[in-house]
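First the structure, in the form of structure tokens, and then the observations on it.
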Amino acid sequence: MDNKVKKFSYVAMMEYKTNEKIKQSIERENKLYSRNNEVRSEFERDYTRILHSLAYRRLKHKTQVFFNTQNDHICTRMEHVAHVESVSYMIAKSLGLNTELTKAIAMGHDLGHAPFGHEGEYVIKKIVKEHLDKNFYHEKNGLRAVDKLDLLPNDKGSLTNLNLTYAVRDGIICHCGEVDENGIFPRDENIDLNTIKKPGQVQPFTWEGCVVKISDKIAYLGRDIEDALLLKVINQSDLQEMYELAHKYGQKTINNSVIINELVNDLIKNSSLKKGISFSNEKQNFINIIKQFNYDNIYNNKQFNYYKKYAHLVINSIFEELSNYYENENTIKNLEKNIDKRYRFLISDFKGWIIKYCDESIINTRDLKTSLNNKKIYGKLESEEIYKEAIIDFISGMTDSYAIKCFNDLISF
């Protein structure tokens with residue numbers, strides 16, 4: 001693309017960003033090990049650390065919109081992430097932004113999604129509010145995943161936390177794309193990301209984070225319609241009214257490819273250091289129309305009712321069962337005692353997972369098959385609140401299929 005389009009050129013960005021802000025963007029909580037032959041930048045290292053993480057691998061079996069479809073052509077959470085990465089890369093490249101940072105944020109932005117998509121998130125949100133009096137949302141859970149839960153082997157073979165840069169962590173928790181704003185600017189201040197209490201509370205710290213936030217919206221609008229048509233949740237006649245409204249705002253047709261192309265080019269054309277990351281008023285109005293159509297005809301479609309009830313049943317049942325085994329510092333022993341008495345694998349799997357995050361003083365060292373050098377976020381399980389938080393972490397990381405497997409374990413004899 002013509003270099004004249006690159007309004008956010010390196011020189012312009014240096015005028016906007018102080019050297020201090022650039023330095024803050026690549027900060028990590030702990031120094032990451034290095035190799036003599038390392039060829040990657042800090043953000044490229046983040047990208048590959050996310051790529052290798054278990055949280056990323058599980059996205060291929062997590063619901064985007066349509067649950068447990070037997071159709072191989074329906075979008076999963078992993079495919080959505082690929083769409084966001086593609087869209088945000090095109091925009092960042094055209095505007096002259098850091099594409100390595102953009103790709104890393106896009107790759108990690110949805111790691112915190114629960115099983116069963118947004119409905120699963122809603123179920124867990126209710127559990128967390130009732131039992132822990134806290135707020136749960138996937139953006140914050142994504143930050144928790146990369147900061148405390150997902151582990152990778154280091155150069156010595158010990159499992160450690162992902163330890164990502166500040167800019168990528170910030171992009172993950174600030175990526176909320178469900179808002180109807182136009183003209184997004186990055187915030188100036190470096191804040192403790194764990195103090196963010198709700199989605200959309202602050203804007204991302206970087207322009208690249210702002211691009212991913214907008215790209216998240218671009219990526220799902222047309223694809224959700226495409227999938228709904230393929231599954232016959234809606235039909236072409238349902239689109240007629242939206243076609244007529246879309247034409248008023250210069251939209252030629254309604255399909256995923258055209259929507260992405262036109263929105264990407266409109267965003268590139270209208271974004272600037274002065275106006276922020278923004279669409280034309282025409283395209284912003286079109287986005288609002290298509291979002292409303294999707295909510296009215298797809299997301300709130302009555303065909304989802306039984307699925308929603310099932311998501312509630314599965315998640316609540318797993319949480320209720322695992323909650324029964326708390327015995328203070330003897331909880332691990334209690335889980336182990338019940339492994340052969342009840343169920344085939346649920347208790348065993350949970351025990352095998354939780355011991356990685358507990359103080360070794362309450363763990364049988366024979367259970368640890370590899371060396372651990374990660375944060376022990378559950379300590380000695382000193383309180384039932386900590387234990388229930390561990391259950392939430394375990395459930396929120398599940399794929400749809402694994403959650404169903406755990407539920408079936410509960411009802412099988």
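When a residue number appears, it is its place in the shown sequence, counting from 1.
Residues in residues 74-86 take part in these salt bridge (Lys or Arg N to Asp or Glu O under 4.0 Å) pairs, two or more places apart or across chains: Arg77-Asp110, Glu79-Arg223, Glu85-Lys103. Note on residues 300-320: pairs passing side-chain hydrogen bond (donor to acceptor under 3.5 Å, both in side chains), not counting sequence neighbours, are Glu119-His312. Pairs of residues two or more places apart, or lying in two chains, that qualify as side-chain hydrogen bond (donor to acceptor under 3.5 Å, both in side chains) and include a residue from residues 149-159 are Ser158-Ser371. Counting only residues at least two apart or on different chains, the salt bridge (Lys or Arg N to Asp or Glu O under 4.0 Å) pairs with a member in residues 395-413 are Arg344-Asp409.
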Stepwise side-chain contact (heavy atoms from CB on, under 4.5 Å) test for Phe43 and Ile26: CA-CA 8 Å; Phe43 299 136; Ile26 61 173; 3.5 Å; yes

Let's go through Ile332 and Leu381 carefully: what are the C-alpha distance in whole Å and the side-chain angles of both, what is the deciding distance for side-chain contact (heavy atoms from CB on, under 4.5 Å) to 0.1 Å, and is it a yes or a no? CA-CA 9 Å; Ile332 300 297; Leu381 296 172; 4.2 Å; yes

Derivation of the side-chain contact (heavy atoms from CB on, under 4.5 Å) call for Val65 and Asp227: CA-CA 9 Å; Val65 172; Asp227 285 353; over 6 Å; no

List the steps, then state whether side-chain contact (heavy atoms from CB on, under 4.5 Å) holds for Thr76 with Leu59. CA-CA 7 Å; Thr76 65; Leu59 295 179; over 6 Å; no

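When all heavy atoms are compared, the tightest approach of Asn297 to Val233 is O-CG1, 4.2 Å. Minimum interatomic distance between Lys140 and Asn194 (heavy atoms only, all atoms of both residues): NZ-O, 4.4 Å. Nearest approach of Cys75 to His83, heavy atoms of both residues: SG-CD2, 4.5 Å. Taking both residues in full, the closest heavy atoms of Asn374 and Leu151 are given as CB-CD2, 3.5 Å, listed atom of the first, atom of the second, then distance. Residues His118 and His138 approach most closely at CE1-CE1, 4.0 Å, considering heavy atoms. Shown here for Thr102 and Ala92, the closest heavy-atom pair between the two residues is OG1-CB, 3.3 Å.
Taking a 6.0 Å sphere around NZ of Lys198, one finds it holds 12 or fewer heavy atoms contributed by other residues, nucleotides or ligands. Residue Asp192 places its CG atom among more than 12 non-hydrogen atoms of other residues, nucleotides or ligands, all under 6.0 Å distant. More than 12 heavy atoms of other residues, nucleotides or ligands sit less than 6.0 Å from atom CZ of Phe407. Other residues, nucleotides and ligands contribute more than 12 heavy atoms inside 6.0 Å of the CD atom of Glu382. Within a 6.0 Å sphere centred on NZ of Lys380, other residues, nucleotides and ligands contribute 12 heavy atoms or fewer.
Here the CD-OG distance, from Glu44 to Ser41, works out to 4.0 Å after rounding to the nearest 0.5 Å. Between the CG atom in Leu229 and the CD1 atom in Ile298 there is a gap of 7.5 Å [rounded to 0.5 Å]. In this structure, the separation between OH on Tyr343 and CD on Glu321 is 3.5 Å, given to the nearest 0.5 Å. The CZ atom of Phe319 lies 5.5 Å from the CD1 atom of Ile391; values are rounded to the nearest 0.5 Å. Atom OH of Tyr378 and atom CD1 of Ile355 lie 12.5 Å apart (nearest 0.5 Å). Atom CG of residue Asp393 and atom CG of residue Asn141 lie 6.5 Å apart, to the nearest 0.5 angstrom.
Remark: the backbone N or O of Glu262 is not paired with any side-chain donor or acceptor of Asp266 at under 3.5 angstrom. Distance alone, capped at 3.5 Å, places no donor-acceptor pair between the Ser271 side chain and the Ile268 backbone. Of the possible donor and acceptor atoms, one in the side chain of Asn71 sits under 3.5 Å from a partner among the backbone N and O of His73. No donor-acceptor pair under 3.5 Å is formed between the side chain of His61 and the backbone N or O of Arg58. When atom types are taken as modelled, the side chain of Glu139 and the backbone of Pro199 share no donor-acceptor pair closer than 3.5 angstrom. Without hydrogens or angle criteria, Arg169 side chain to Leu164 main chain gives no donor-acceptor distance under 3.5 Å.
With a 4.5 Å cut-off on side-chain heavy atoms, Lys213 and Ile277 do not count as touching. When side chains are defined from C-beta on, Leu143 counts as touching Asp147, because their heavy atoms get closer than 4.5 Å. Proximity of Ser88 to His109: side-chain heavy atoms (C-beta onward) are nowhere separated by under 4.5 Å. Between Ile91 and Ile218, the closest side-chain pair of non-hydrogen atoms falls below 4.5 Å. Between Leu346 and Leu322 the shortest side-chain heavy-atom distance falls below 4.5 Å. Counting only heavy atoms from C-beta outward, the side chains of Phe116 and Ile124 never approach each other to under 4.5 Å. For the pair Ile225 and Phe293, the minimum side-chain heavy-atom distance is below 4.5 Å. When side chains are defined from C-beta on, Leu263 does not count as touching Leu267, because their heavy atoms never get closer than 4.5 Å.
For the residue pair Lys62/His113, the side-chain donor-acceptor check at 3.5 Å is not satisfied. Counted by atom type alone, Asn285 and Lys283 present zero donor-acceptor pairs between their side chains at under 3.5 Å. Between Tyr220 and Asn294, the side chains place no donor N or O within less than 3.5 Å of an acceptor N or O (distance only, hydrogens not considered).
The aromatic rings of Tyr299 and Tyr295 sit perpendicular, their planes meeting at an angle over 60°, well past the 30° parallel limit.
Partners of Ser401 under the side chain to side chain donor-acceptor pair (under 3.5 Å) rule, at least two apart in sequence or in another chain, are Thr399. A search for side chain to side chain donor-acceptor pair (under 3.5 Å) contacts involving Tyr56 returns nothing, not counting sequence neighbours. Judged as a salt bridge (charged side-chain N to carboxylate O under 4.0 Å, His left out), and not counting sequence neighbours, the contacts of Asp133 are Lys129. Applying the salt bridge (charged side-chain N to carboxylate O under 4.0 Å, His left out) test to Arg45 and every residue at least two apart in sequence or in another chain returns Glu38. Applying the side chain to side chain donor-acceptor pair (under 3.5 Å) test to Lys125 and every residue at least two apart in sequence or in another chain returns Asn135. Among residues two or more places apart in sequence or in another chain, the ring-ring contact (aromatic ring centres under 6.0 Å, His included) test is passed with Tyr166 by Phe205. The salt bridge (charged side-chain N to carboxylate O under 4.0 Å, His left out) search around Glu121 returns none, not counting sequence neighbours. Partners of Glu42 under the salt bridge (charged side-chain N to carboxylate O under 4.0 Å, His left out) rule, at least two apart in sequence or in another chain, are Arg28.
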